[in-house]
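Structure, as structure tokens:
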Amino acid sequence: MGENQMKKAVRTRAGIAVAGTALLVGGLTACGGDKADAGTGKADGGKGAEAKAHSSVEAVKASYLKTVAAKFAKAELSMVGADGKTRGQSGTKGWYPSSHDVILKSEKPDTRSIMIGDMTYTGLAQPRDGKTWMSMNLAKDGKPGVRLNDDPAEYLAMLLGQEKLTHVGAEKTADGIDAEHYKGSFTTADLLKADESTKVMEEANRQYLHEAVQHITTFEVDLWIGKDGYPVRADTVSTDGEGTRKTTAKFSDFAAAAPVQAPPAEQVVSLDDLNKETDRKLKEADQKLRDAGLGGLDLDS
């Protein structure tokens, strides 16, 4: 082989080697690219990463834990009952124990209501013996009164571990607040399983919630969780044996709202004492009428 032919052969082999290397590197890069995309979610247009980032179960769990730590928040509620009448509440809600300090709104004059656990205090339109509050204990036979409080921790608790809750997307609420929107529809069986998979609630609170929701046959909810991780709005439709109730609940000022406190003891008269006082006055009036020969009152009817 002459010198020119030898140089030509060397150049040809070198060209083939470079081309082969390029193909090999290109193939490895392509494979590596697919694996990298699979890890980042790019291979499916980012849907995998987005789904993970917006897991409804994890979002609700995180919001619940943060809300529980806040203890109190401002609340504005509008409720349309099975009777078609609209009622409202405006003030502060608390949880564990359930509490509120709100103005109750209806077709009747507004009334202030305070609740701490099983004790409720209702503002009296007319003072009784200088007392401006009437108290009532909701516990019966030493057992706590079971009821729903329409507070943000309670709404989140009902949705703990609920895989039927779907992520609608990021959007502004009707009030212009940036939030993530979640939506779901649940049966009694679904509600009774709340938190069984995540187990982040205290056992006593979990059992209380299960008792409080067992009368509900269907529960539909649209929930918005703000950028700060707190729930800012919940629109719910709840159906039970009495009918359907629609509620719009808006929450704000988490951990900034003043704690709910009972009225001063000297300003409170119990419902039992009021009833006893009423009975005493009725008996006095009955006796006076009888003494006057007027037959008295029919107190047994």
Side-chain angles (χ1 to χ4, degrees), residues 50-80 88-90 92-96 98 100 148-201 205-206 208-210 212-213 216-240 244-255 257:
E50 181 180 357
K52 183 177 180 180
H54 294 291
S55 164
S56 300
V57 171
E58 290 302 317
V60 168
K61 178 180 176 181
S63 184
Y64 173 79
L65 291 173
K66 187 171 186 178
T67 298
V68 168
K71 297 184 178 180
F72 298 95
K74 291 293 184 181
E76 295 286 338
L77 281 78
S78 176
M79 297 163 282
V80 179
Q89 296 182 22
S90 177
T92 299
K93 291 278 187 178
W95 40 94
Y96 307 137
S98 296
H100 71 222
L148 293 172
N149 188 42
D150 289 303
D151 64 63
E154 180 179 86
Y155 283 124
L156 291 168
M158 294 171 72
L159 301 176
L160 284 170
Q162 300 287 7
E163 296 185 356
K164 288 185 179 180
L165 188 71
T166 60
H167 176 238
V168 178
E171 61 184 41
K172 288 184 180 294
T173 67
D175 304 303
I177 301 173
D178 291 322
E180 297 292 339
H181 181 189
Y182 302 88
K183 186 180 185 72
S185 179
F186 309 96
T187 64
T188 308
D190 294 327
L191 296 176
L192 292 177
K193 292 189 295 185
D195 193 42
E196 290 299 333
S197 61
T198 48
K199 295 287 188 182
V200 297
M201 295 179 69
N205 295 333
R206 182 185 302 110
Y208 185 97
L209 177 66
H210 288 179
V213 302
I216 299 175
T217 54
T218 59
F219 180 74
E220 301 172 27
V221 61
D222 284 273
L223 172 73
W224 287 266
I225 297 177
K227 288 187 174 181
D228 59 3
Y230 291 119
V232 294
R233 179 172 177 142
D235 292 353
T236 63
V237 180
S238 178
T239 302
D240 59 17
T244 298
R245 185 181 79 157
K246 298 180 180 179
T247 302
T248 295
K250 303 175 185 178
F251 304 110
S252 63
D253 297 319
F254 285 84

Problem set entry | The single option from Val80, Thr218, Thr244 passing side chain to side chain contact (heavy atoms under 4.5 Å, CB included) against Val237 | Thr244

Listing, residues 223-234 side-chain donor-acceptor contacts under 3.5 Å, not counting sequence neighbours, or none:
residue, atom, partner, partner atom, Å
Trp224, NE1, Glu171, OE2, 2.8
Asp228, OD1, Tyr230, N, 3.1
Arg233, NE, Asp235, OD1, 3.0
Arg233, NE, Asp235, OD2, 3.4
Arg233, NH2, Asp235, OD2, 3.3

Check whether [X] reaches the backbone of [Y] with its side chain - one donor and one acceptor, N or O, closer than 3.5 Å.
X      : Y      : result
His181 : Gly169 : no
Thr67  : Ser63  : yes
Asp195 : Val200 : yes

Name all residues meeting the side chain to side chain contact (heavy atoms under 4.5 Å, CB included) criterion together with [X]; count only those two or more places apart in sequence or in a different chain, and write none if there are none.
X      : value
Thr92  : Phe72, Lys74, Ala257, Val260
Ser90  : Glu76, Lys105
Ser78  : Thr86
Lys164 : Phe186, Asp190

Exercise. Which pairs count as salt bridge (charged side-chain N to carboxylate O under 4.0 Å, His left out) when at least one residue sits in residues 150-160, sequence neighbours excluded?
Worked result: Asp150-Arg245

Those residues that, when tested against [X], pass side chain to side chain donor-acceptor pair (under 3.5 Å) (two or more places apart):
X      : result
Thr217 : none
Asp175 : Lys250
Lys172 : Asp178
Thr173 : none

For this session: Evaluate the side chain to side chain contact (heavy atoms under 4.5 Å, CB included) criterion for residues Leu209 and Met201: first the C-alpha distance (whole Å), next the side-chain angles of each, then the deciding distance (0.1 Å), finally the verdict.
Result: CA-CA 10 Å; Leu209 177 66; Met201 295 179 69; 4.2 Å; yes

Exercise. Is the Phe219 ring parallel, tilted or perpendicular to the Tyr155 ring (thresholds 30°, 60°)?
Worked result: parallel

Exercise. With side chains defined as the heavy atoms from C-beta onward, is the minimum distance between Thr188 and Val213 less than 4.5 Å?
Worked result: no

Problem set entry | Lys93 and Leu77, any side-chain heavy atoms less than 4.5 Å apart | yes

Problem set entry | Contacts of Lys183 that satisfy salt bridge (Lys or Arg N to Asp or Glu O under 4.0 Å) - sequence neighbours left out | Asp222

Exercise. Who are the salt bridge (Lys or Arg N to Asp or Glu O under 4.0 Å) partners of Lys199, not counting sequence neighbours?
Worked result: Glu196

Exercise. Checking side chain to side chain contact (heavy atoms under 4.5 Å, CB included) for the pair Val57/Leu165: CA distance, chi angles, key distance, verdict?
Worked result: CA-CA 8 Å; Val57 171; Leu165 188 71; over 6 Å; no

For this session: Measure the spacing between NZ of Lys61 and CG of Leu159 and express it to the nearest 0.5 Å.
Result: 15.0 Å

